Amino acid sequence: MRKMETRKFFNMKMAVVDLTVSSVRVTDLDPELVSRNIGGAAINADILDLYESSSIVLGTGPLTGSFAPASALLAATFLSPREGGLRHVPLLLKAGPEMKFAGIDFLAIRGAAAVPSVLHVKGGMVRILPAPDPVLPIPEFLSQLRRISPVFRESLLAGPAAFGGSPYASASLGSRGSLDKAGLAHRMAMKNLAGILLCGDGGIAFPGDHAERWKKLFERLSLSEFRRKEKGFAGLLGRMEGGSDAAKIPRRAAKRHAACYHCPFPCISHAPIGQRDGQGKRRSGVYLSDPLGWVALWDRWDEEALVLLRRCLDLGLDPASVSGLLPRGGGPETRLRELEVLAMKPAGDDRKEATLAQGRDGEDASLLFGGGIAPLLEGEAWKKRVSQAMVLGLCPVFLLLSPELDVVDLLGFLVGTDDELERMKALLKEAAGVA
Amino acid sequence: MMGQETMIQPNAGTPDLNLEDLRPRIQEKKRFSDFFMPRRSRYILFDPDKCTGCGTCEMICSTRNAARVAPASASVRVVTDDNRGRNLAVLCQHCRKPLCIEACPTRAIEKGEDGIVRINDLFCVDCGLCTLACPEAAPLKDPASGDIHKCDLCEGDPLCVRYCPEGALTWTRGKKIRWIKAARWTVQTLSFLFLVMIVIGTFCSFRAGTVELSCPTGTLQNIASSGTLILVGASSALALLVLTIIFGRVFCGWICPFGFVLDVVDKVTPKRFGLPGFLKSRMAKYGVLAGAVGGSAAVGFQVFCTVCPIGTLCRSYGVQSFFRSAELAIVPVLAATELAERRSWCRYLCPVGATLGLAALLRLPKIVIGAKKCKKFSCIQCAEVCPVGIIDADQLREGISPKIPMTECIMCMRCVDRCPYDAAKIRFRWQKATPAER
């Protein structure tokens, strides 16, 4: 068994929360686990084996929060609520760094709370707090959460659809949605867990020379096709098979791009929607970050897709699942109302609904990684890049968008010598297999 | 030993020390060249159009503040408006007149000669009053250590600028060449030479061939004093009024020879005293205008024209006007008001400005400042450069676009020229939009 010393990239702390008895235990992370499996989804899978099948494990990678590009990942590992398959959902934006800087590397959530609860992760501690009404639309729910904890910097929410029992629920990072199409929200709701609030007040002393390493790497990435040609969500869609047509609206409407933590490839865009005010400006908008969800909405609803997407995000619904269930007849208002019905509708026996529901098993390998990562590469290449990202703690979409980037470039942020590099490559191959 | 006992007075012989003695304020040293070419310190310019909110600035800043990657300990913070998809970097603007310095009870904050506002950790008690005083809340409390951090521009080489992947942060001294400023000074100089030294006659009423131009205020007095309306004079006075309707009060900002004198005087005189309150009414100039017209009607000649600084300048040059040059005494007397406020004469007393101000009620252009576009509440450079003081700095600090009274605006366009965020714009009066957030 090859072992590597990567513990300096972690706090080496793990929290185990038992919602049934409202207990929190923060323990030292087993160094053997880190040496063997590197981090992220690979360690998550090991931890999940220790607890009952209904548990959820959230984990960071060694590079999460570091100077490595797109070091944003928080991997959520659980068994599919419907059919029991292993799932790793990548949670991006600032979720990974915030959890690591909050002093916890891995968080195992067991049991189910008696009342809707939220977890507050801060300063190496986890607190269990009573949640506001979990069926509130996500923006209102977030406002209520701010009253409980005004200082959290990132949040993972189950959303009202999950608490309404909808099989189409998707977890949301803040109000921006996520790539969860595997039932994470449903699993959270089963635990009466309305959300996890992350407040990264601390930090990690990553090696200082890594800043210059990042600078040099960025100079290379600046020449990449994504940065040179078209950034933003439209750029992402343009590189996805069958996504070029769907890029039409984002290209026209989205004026601002956003990126996850320390990511040089901004693949999220914001499109304003709603009525214009007296100054001709729209005061509301929607983040476009889920390519598969967007393509599904755009295919059927064209210009209406932006409004439907906003409503899906507010209700915590997966747009890819519900797009095909909306009625053709009637106007936009009818479809918006139908979304509310779908958000509160428990899973039924309908076969069509079952195939669209979250947490289903399938032949598609992407379901293993949450079902929401864009197919930017083919087959094994896709799987290899994604599993590497999920172990190292990087954004898988970034790795897919930069095929010219060798994994050695990223491992250079972990190890120094050539010998260590070779060993780390072999170890990563094993760990990716575990994930 | 009883006889040797002395009474000790607790405070006997000790002077009354106060904070000023212990930590005297650093006075800004002015050089002679500052009057002509003020020093411009470099600052960080943030472009919200480019910012993706990736937080690289926070992480790199924290490595300097806390020797580790800890974004919460950074001196810059990226905040995101999810509804509008806009990111905003909150960082110290190193204001010209920092409010944090005023608020600090221990005088721990100082502005150096290099323009950088720094916190002296020896004296800082982490009370956080600077954060409350700062319009941007730029001094940030480190949640881990409780210390107050504030951007010190990395002593002249900001890491956030160097590492920002999108180039949203720029290290700049502002616009290299201010074209409007250059054009205005050129036009003002040429106008001064033209009206004072070349044109034969006076600005009040001069004739060049068949062209006759009259000052509208002079014309009003003429009509009042003579009781007759001379169409040629009235129509030529209209030319200036039409110019004002089309371009605003550009005469005051770009052409007026006395305005030029005041601007030159302003460059070389420090502001030593304030005007008494009763003089500081912008309505006073309308009273002067009414008095000039009424007085002319009463006495039968143009009373104000005899002391008008513009007319005095225009008619006191050349051989034939040599003996009139004693009138020029009025010019330094009125120019002395520059010791109090910039363009005090124009703000409060000038009846010509009052006449043009009335015409400006019908003007086509207006100047708008979109506070939400700049969102740098402590910048307020537009308010500082405005010579007639009509831009409300307090409103800007609250993030409100100030309403600019165009009857008072002299269209010098200093605000447009100075604004580093392109938030000050010229618009037609019927255009409602201010430069909104990007």
Side-chain angles (χ1 to χ4, degrees), chain A residues 65-67 69-72 93-94 97-98 100-101 122-123 139 142 151 153 174-176 199-206 208 210-211 214-215 218 221-222 227 231-232 254-266 268-272 274 278-287, chain B residues 47-74 77-88 140-146 159-160 162-168 368 370 372-373 401 427 431-438:
Chain A
S66 73
F67 286 103
S71 51
L93 296 178
K94 293 186 178 173
E98 287 302 326
K100 191 180 256 190
F101 298 148
K122 185 185 178 203
L142 274 171
V151 293
R153 293 158 65 99
S175 56
R176 296 196 192 185
C199 184
D201 280 356
I204 299 274
F206 293 108
H210 283 189
W214 141 255
K215 185 85 177 150
F218 175 69
L221 291 170
S222 300
R227 278 194 69 87
K231 288 193 270 189
K255 303 295 180 200
R256 299 186 181 108
H257 306 314
C260 301
Y261 178 83
H262 194 42
C263 181
F265 285 7
I268 303 170
S269 294
H270 181 272
Q279 295 193 348
K281 290 279 167 187
R282 291 195 173 104
R283 296 293 174 197
S284 181
V286 60
Y287 278 101
Chain B
D47 184 350
D49 277 345
K50 292 182 180 170
C51 180
T52 61
C54 70
T56 300
C57 50
E58 290 179 341
M59 73 182 292
I60 198 72
C61 179
S62 66
T63 57
R64 188 168 180 273
N65 279 353
R68 57 187 179 156
V69 176
S73 300
R77 181 150 300 165
V78 179
V79 289
T80 302
D81 180 344
D82 275 353
N83 277 331
R84 298 175 197 175
R86 188 162 40 95
N87 300 304
L88 181 69
L140 299 167
K141 201 173 189 92
D142 185 336
S145 65
L159 289 172
C160 52
R162 205 162 9 123
Y163 285 90
C164 177
E166 303 301 327
V368 289
K372 286 179 180 169
K373 182 162 185 177
S401 301
R427 293 268 194 268
Q431 287 179 297
K432 286 182 181 173
T434 54
E437 71 276 4
R438 292 177 282 184

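In what follows, every chain begins at residue 1, and chains take the letters A, B, ... in the order their sequences are listed. Because the structure is a prediction, the values reported are computed rather than measured.
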How far apart are the closest heavy atoms of Tyr287(A) and Asp81(B), and which atoms are they? OH-O, 4.0 Å
Tell me, side chain or backbone of Cys51(B) under 4.5 Å from chain A's heavy atoms, or both, or neither? backbone
Hey, does the side chain of His270(A) reach the backbone of Asn83(B) with a donor-acceptor pair shorter than 3.5 angstrom? yes
Taking side chain as C-beta onward, heavy atoms only, is Trp214(A) less than 4.5 Å from Pro165(B)? yes
Once you round to the nearest 0.5 Å, how far does SG of Cys54(B) lie from CZ of Phe265(A)? 13.0 Å
Of the listed residues (Val286(A), Asp201(A), Leu221(A)), which shares the most heavy-atom pairs with chain B below a 4.5 Å separation? Asp201(A)
Minimum heavy-atom separation for Ala70(B) to Gly202(A), with atom names? CB-O, 3.2 Å
So for Tyr261(A), is it side chain, backbone, both, or neither that comes closer than 4.5 Å to the heavy atoms of chain B? both
Considering only heavy atoms, which portion of Ser66(A) lies under 4.5 Å from any heavy atom of chain B: side chain, backbone, both, or neither? backbone
Ser145(B) versus chain A, the contacting section by heavy-atom distance below 4.5 Å: neither
How long is the span from the CZ atom in Arg256(A) to the OG1 atom in Thr52(B), to the nearest 0.5 Å? 13.0 Å
Is the shortest heavy-atom distance from the side chain of Phe206(A) to the side chain of Thr63(B) under 4.5 Å? no
Nearest heavy-atom pair of Ala205(A) and Ala67(B): which atoms, and what distance? CB-O, 4.2 Å
State whether a side-chain donor-acceptor pair under 3.5 Å links Thr56(B) with His262(A). yes
Taking the side chain as everything from C-beta on, heavy atoms only, tell me whether His257(A) gets closer than 4.5 Å to Lys50(B). no
Nearest heavy atoms of Lys215(A) and Arg162(B), plus distance in Å: NZ-O, 2.5 Å
Pick one of side chain, backbone, both or neither for Arg64(B), based on which atoms fall under 4.5 Å of a heavy atom in chain A. neither
Considering only heavy atoms, which portion of Ala66(B) lies under 4.5 Å from any heavy atom of chain A: side chain, backbone, both, or neither? neither
Contacting region of Lys100(A) [heavy-atom separation from chain B under 4.5 Å]: neither
Is the closest side-chain heavy-atom distance between Pro272(A) and Arg84(B) below 4.5 Å? no
Quick check: do Pro143(B) and Lys122(A) have side-chain heavy atoms less than 4.5 Å from each other? no
Closest non-hydrogen atom pair, Arg68(B) against Ile204(A): CB-O, 3.5 Å
Minimum heavy-atom distance Ala211(A)-Ile60(B), with the two atoms named: CB-CD1, 3.8 Å
